Amino acid sequence: MRVSVLTAGSRGDVEPFLALGGRLRAVGHGVRVVTHREFELAVRAAGLDFAELPGDPKATLAGPEGQALLAARSPVALVRRLREVVGPELRGSLTAAIEACRDAEVIVHSTLVAFGPTVAEHLDVPVVAAHLSPNTPTRAFPMTALPKPVPAVLNHTTWRFSEALLWRAFRPLLNDQRADLGLPPLPRRTPPPHGRAPRLYGFSPAVVPPPRDWTPTDHVTGYWFTETDTALPPALTDFLDAGEPPVYLGFGSMHDPDPSAATDLLLTAARRVGRRAVLLSGWSGLHQTDTSDDVLVVDDIPHRALFPRCAAAVHHGGAGTTAAAVLAGVPSVVVPFFADQFFWGRRVTELGVGTATPARDRVTADVLADALRAALSRARPARALGDRVAAEDGPGVAVTVLEGLVEPAPSR
């Protein structure tokens, strides 16, 4: 089976698909990952074919449209800003994706590559959606981008409302491209869950149990982690060995408009609870201005290698970073910026394996220090959940499901 995987976004958005692709390759399937050039080396290092998907997410988030997207606090604003970011790149990305998928027998697309079904329809091959956060309407919890929960009776309504907004915003853009391809326009309303393509969910059922009202085509497989034997840099190893486990501080791919203030916020909180810290510079370029020896700044360290050596992880709540903290068995403090980060903050709190603060632009050092102190007290349940997740085989389950969903076409 020849599989083309369309994925976009940050490292946390792309890396799980390398684990999925690697397992597919290990059992004899051909895999091409279509993503940004920034990840070409990682794709090829995983033994997978690479094709470029236009776009530079780091530059986009650093620009004015990206900053406006990160500041969106309502579904209406989020969809409007997302259209402003994605719309201009849609035509080039769709064309590149079609060319990269011409020999595919099945297409797997991530959340951010919403044109995946159009590519598959044009090429007349099956398509499977693959998400790292919940994406199917449910009554169990509200849509993931809501900053605050709503009364349970409104949970399903929040999903339908947000889907309608997305459909209204992107349907005209996609229909323009579909017309050029000779495809019929998309329907005016979003298809019901039971009428959509099958969905793979790359998170643990121990973290998000499948809601009872999801359909049989919603498959929660477990996390898709890559194997790692990355050796930590000597300076980092020396720092870790020199004292008690530090706390990890970093906002990953999020661009903070004031890196100095963000650094001060994080370091102040860590020092108030008496902890050393490893500070990830990330896409914001967080940096330490003093020369104290209780902090080490790092540029790009795999979470899988670092988190097991930490006492807790203070992060933005991205799906990938949250997953790495869960697997490592360390408590999280989620400082959300936007989108599903609010959901993951609520989830670690509900599971008793972490805490969450208000959105980044509203959190103070006092609030963050209190949240970190509380998270550090939840080390035991975090370890228990980590052991449970480590026993899962998400990529293996996902491959089995995918093979069952797709009847391979005769070789062309």
Side-chain angles (χ1 to χ4, degrees), residues 2-27 29-62 89 93 96-97 99-101 104 107-113 116 130-133 200 202-203 221-233 236 248 250-255 280-285 298-308 315-316 318-325 327-328 393-396 398-399 402:
R2 295 188 296 274
V3 185
S4 284
V5 178
L6 304 174
T7 181
S10 68
R11 175 175 177 172
D13 298 309
V14 173
E15 195 168 75
F17 290 90
L18 305 187
L20 178 60
R23 184 61 64 88
L24 284 163
R25 176 177 176 273
V27 298
H29 301 299
V31 182
R32 175 177 297 135
V33 177
V34 188
T35 189
H36 310 300
R37 179 164 295 281
E38 176 182 350
F39 304 111
E40 179 177 2
L41 291 179
V43 171
R44 296 195 186 282
L48 308 173
D49 290 343
F50 169 82
E52 183 177 359
L53 192 68
D56 182 345
K58 184 175 182 179
T60 298
L61 285 181
E89 298 181 352
S93 296
E99 290 304 312
C101 295
I107 292 172
V108 176
H109 73 93
S110 70
T111 308
L112 292 178
V113 189
H131 305 293
L132 305 180
S133 294
L200 296 176
F203 50 73
T221 67
Y223 286 116
W224 305 333
F225 290 118
T226 55
E227 298 297 328
T228 181
D229 55 1
T230 304
L232 297 175
L236 177 54
Y248 165 89
F251 294 144
S253 60
M254 296 297 97
H255 274 277
L280 179 76
S281 58
W283 286 9
S284 284
V298 296
D299 290 325
D300 185 19
I301 301 295
H303 294 147
R304 289 283 308 280
L306 174 59
F307 280 6
H315 56 88
H316 58 296
T321 307
T322 303
L327 178 66
D393 180 16
V399 168
L402 188 59

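Computation of the quantities below employed the complete heavy-atom set of this structure, encompassing side-chain atoms and omitting hydrogens, waters and symmetry-equivalent molecules. A quick note: this is a predicted structure, and the numbers were derived from the prediction, not measured.
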Check whether any side-chain heavy atom of [X] sits under 4.5 Å from a side-chain heavy atom of [Y], and report yes or no.
{"X": "P16", "Y": "L132", "value": "yes"}
{"X": "T226", "Y": "E15", "value": "yes"}
{"X": "F39", "Y": "R11", "value": "yes"}
{"X": "S281", "Y": "D300", "value": "no"}
{"X": "L236", "Y": "L306", "value": "yes"}
{"X": "H303", "Y": "Y248", "value": "yes"}
{"X": "H316", "Y": "T321", "value": "yes"}
{"X": "V5", "Y": "V34", "value": "no"}

What side-chain donor-acceptor pairs closer than 3.5 Å can you find for residues 17-27, not counting sequence neighbours?
residue	atom	partner	partner atom	Å
R23	NH1	D393	OD1	3.1
R23	NH1	D393	OD2	3.0
R23	NH2	D393	OD1	3.1
R25	NE	G47	O	2.9

What are the two closest heavy atoms between [X] and [Y], and how far apart are they?
{"X": "A8", "Y": "L53", "value": "CB-CD2, 4.1 Å"}
{"X": "F307", "Y": "A328", "value": "CB-CB, 3.6 Å"}
{"X": "A97", "Y": "L6", "value": "CB-CD2, 4.0 Å"}
{"X": "R304", "Y": "P308", "value": "O-CD, 3.4 Å"}
{"X": "A96", "Y": "E52", "value": "CB-O, 3.8 Å"}
{"X": "G55", "Y": "H36", "value": "O-ND1, 3.4 Å"}

Atom [atom1] in [X], atom [atom2] in [Y]: separation rounded to 0.5 Å?
{"X": "L48", "Y": "E40", "atom1": "CG", "atom2": "CD", "value": "12.5 Å"}
{"X": "R44", "Y": "F50", "atom1": "CZ", "atom2": "CZ", "value": "6.5 Å"}
{"X": "L280", "Y": "I301", "atom1": "CG", "atom2": "CD1", "value": "8.0 Å"}
{"X": "L112", "Y": "S93", "atom1": "CG", "atom2": "OG", "value": "11.0 Å"}

Distance only, no hydrogens: is a donor on one side chain within 3.5 Å (strictly under) of an acceptor on the other, for T111 and H131?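 Indeed, the side chains of T111 and H131 share at least one donor-acceptor pair under 3.5 Å.
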
With no hydrogens and no angle check, is any side-chain donor or acceptor of S4 less than 3.5 Å from a backbone partner on A104?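 Absent.
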
Parallel, tilted or perpendicular: ring planes of F225 versus Y223, cut at 30 and 60 degrees: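 Judged by the thresholds at 30° and 60°, the geometry between F225 and Y223 is tilted.
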
Run the side chain to side chain contact (heavy atoms under 4.5 Å, CB included) test on T322 and H315 for me, step by step, so that the C-alpha distance in whole Å, both residues' side-chain angles and the decisive distance to 0.1 Å come before the verdict. CA-CA 8 Å; T322 303; H315 56 88; 3.4 Å; yes

